Amino acid sequence: MKATITLNAIALAVALGLSSCGKQTGTAQADRAANALASYVAPGEKDEYYLFYSGGHSGQVYVAGIPSLRHISTIPVFAPYPGTGYGFDEESKKMLGDFTWGDVHHPALSQTNSKYDGRWLFVNDNANNRIARIDLRDFKTHQILGPIPNSIGNHGSSFITENSEYILCATRFSVPLPKGRVADPNDYEKEFNGMVSGIKVDPQTGEMKVGWQILTPPFDWDLGSTGKGPSSGWAFWTSYNTEMAHDTLEVNSTQKDRDLCAIVNWRAAEKAVAEGKASMMDGVPIIDPAKVPGVLYFVPIGKSPHGMDVDPSGKWVVAGGKLQPATTVLNFEKVQAAINNKTFEGEFRGVPILKYEAVVEGEVPVGLGPLHTQYDGKGNAYTSMFIDSCIVKWKLPPWTDAEKKDLTKAVLDRVPAHFSTGHLVVAGSDTAHPYGKWCVAMNKLSAGRHINVGPSQPESSQLIDVSGDKMKMIAEAYTEPEPHFAQILKVTDVQPNEIYPKGENKDPNAVWEKAQSGVTRNGNQVTARLMAIRSRYNPDRIDAQVGDELTVAVTNVEQTRDMIHGFGLIEHNINMVMDPGETKTFHIKLNKPGVFPFYCTNFCSALHQEMQGYLVVWKPGEGPSNLSTGGGATGGGK
Ligand code: K7E
Ligand code: CUA
């Protein structure tokens, strides 16, 4: 089968909105009622699953319920979010560093034995080369690692190994390394490099650190995934731009019929580093795959592939063709055999290229623009089709002889998605034991299916029931910008805390009783320790003077779930929000005199409006006498 189509044909198809799945037939009234019931979560009832979906360049992660598709919560990660006070207190400001945005693409739930263990959610930042860890005990960001050294464009990420040993990442861009070195892009092939990074995860705390890296040619690595079962210890990435073009990539990086995918033996990489076979660059052990055989292999896949998804058995690795109307299925047992028998069709910069025919099981003609593939654990694969704008269900191998002869027979069903599907997620697909049942298609456009909100239309997501032979589109909702991948977790597989217990608060400035609270001065350092309780601050007055360095720590002493207090300071760009039992702190230099009210920003009781106080910033030499003496408490510790 001639499995490639021209770029122009694709451009034309997109321009004309041509789409084999685009037909919108009316749904019968009875079906509509049945679908509505399937996604209906009645008042007082709860969803069965969490959907954690990436917020793309909004820098955040959003939580929705399934099957309702209702947006439940926003987890701020790479951008400040006044709603939870994220990015205003010292701790979260420190995590954000100099950046106020990120580009979140691929969330990954932590796993134990290839099963979600409900502990952490990791997400990558394509823009500033970072990985963040969200703790599922409080659904908050606890660590941002990066910018990762020697890594530019952390897009092929964050792929987690089956026991959360590593987050594995590959670079979308290549630059002269180490960072800061400058070379002419005309010397791209010679001077630029990409990188695969192994980010080590502490099994107890989830704390991440950069483990090692593998130097790669300057291909643009794309999506990937990690092995399990027979492919345990391995990881896979597609690439585009094996042409190594550095300009007009739209044309120059789409010349070859096949690009090279990376097959990485991460256990071998770990071992090579332990054996001292790496050299250091910018503080990280770097493996040169030409000098350390067995760590990296290439395999050709057509054409400008995008997704690369390992099935739940760990035996099949599926690449989406993007510019080829087929998905390519690799057989990992054949990959192993080809490696062992050295069935290579050549090498590139010392890295063996496995012979395509020796490792491929088949090319399944799914349609136009296949991107990402998910699995239900029952032998079925589901591929998102960007150009056809639909989800295609097809059968994984083993195939019958008739199917092998004509793989169109392996294509089982297709359902339209509206519009231009990017990622899709089937519940638990990346584990060895998918929940199945639900699929969510995350669409790049919504083509007028929502009420008009101006020139920019919201993205859409659609819920598809994949429990039967035929897929059923059940419901759709708008989605915060801009969803890429998502993870689905059964609600009963995670136990978030209801409060922060007083006994676990280790903040040295935490105060739990009036007697501990108050304002102290040491030279020009003023520290205010406030208690917040329905519905007042104690103290509710802070006196200081221009030139002082002010630290305010507010402890919410409530131990009742959802009893939250805020601390908004007028004209100082401060809004902290404290959950029950939590202490948050900010530092500011006082540089203007005046009386600045502070108030509770989070509705907490009938007297929430009364929860307020004053920061009095005196001019030097004015105010209460103890201000300039540098001793004792100032302000009202009533
Ligand atoms: Cu396909 Cu960043 Cu996963 Cu978006 S990438 S669609
Ligand atoms: Cu405390 Cu509103």
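Whatever order the structure lists ligands and atoms in, that order sets their numbers, starting from 1. By convention here, the first residue in the shown sequence is residue 1. All values derive from a computational prediction rather than experimental measurement.
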query = Checking only N/O/S atoms, does Ser535 have one that is under 2.8 Å from atom 1 (Cu) of ligand 2?
reply = no
message = Does Gln374 form a side chain to side chain contact (heavy atoms under 4.5 Å, CB included) with Asp309? I'd like the steps, not just the answer.
response = CA-CA 7 Å; Gln374 295 275 287; Asp309 299 283; 4.3 Å; yes
ask   = For the rings on Tyr116 and Tyr50, is their centre-to-centre separation under 6.0 Å?
value = no
message = I want to know whether His423 and His105 have ring centres closer than 6.0 Å.
response = no
ask   = Would Cys604 count as a contact for atom 1 (Cu) of ligand 2, in the sense that one of its N, O or S atoms lies under 2.8 Å from it?
value = yes
message = If we check ring pair (Phe, Tyr, Trp, His ring centres under 6.0 Å) with Phe52, which of these qualifies: Phe485, Tyr62, Phe139?
response = Phe139
ask   = Can you tell me the N, O or S atom of His565 that's nearest atom 1 (Cu) of ligand 2?
value = ND1
request  = Report the relative orientation of the aromatic rings in Phe603 and His608; use parallel for angles under 30°, tilted for 30 to 60°, perpendicular for over 60°.
outcome  = tilted
ask   = Applying a 4.0 Å heavy-atom criterion (strictly less than), which segment of Lys444 is in contact with ligand 1: side chain, backbone, both, or neither?
value = side chain
query = Is Lys393 paired with Asp376 through a side-chain N to carboxylate O contact shorter than 4.0 Å?
reply = no
inquiry  = Which of the protein's N, O or S atoms come within less than 2.8 Å of atom 3 (Cu) of ligand 1, not counting waters?
reply    = His106 NE2, His423 NE2
Pairing of Lys140 and Glu91 as salt bridge, 4.0 angstrom limit = no
task = Please list, chain by chain and in numerical order, all residues satisfying ring pair (Phe, Tyr, Trp, His ring centres under 6.0 Å) with Tyr614, sequence neighbours excluded.
result = none
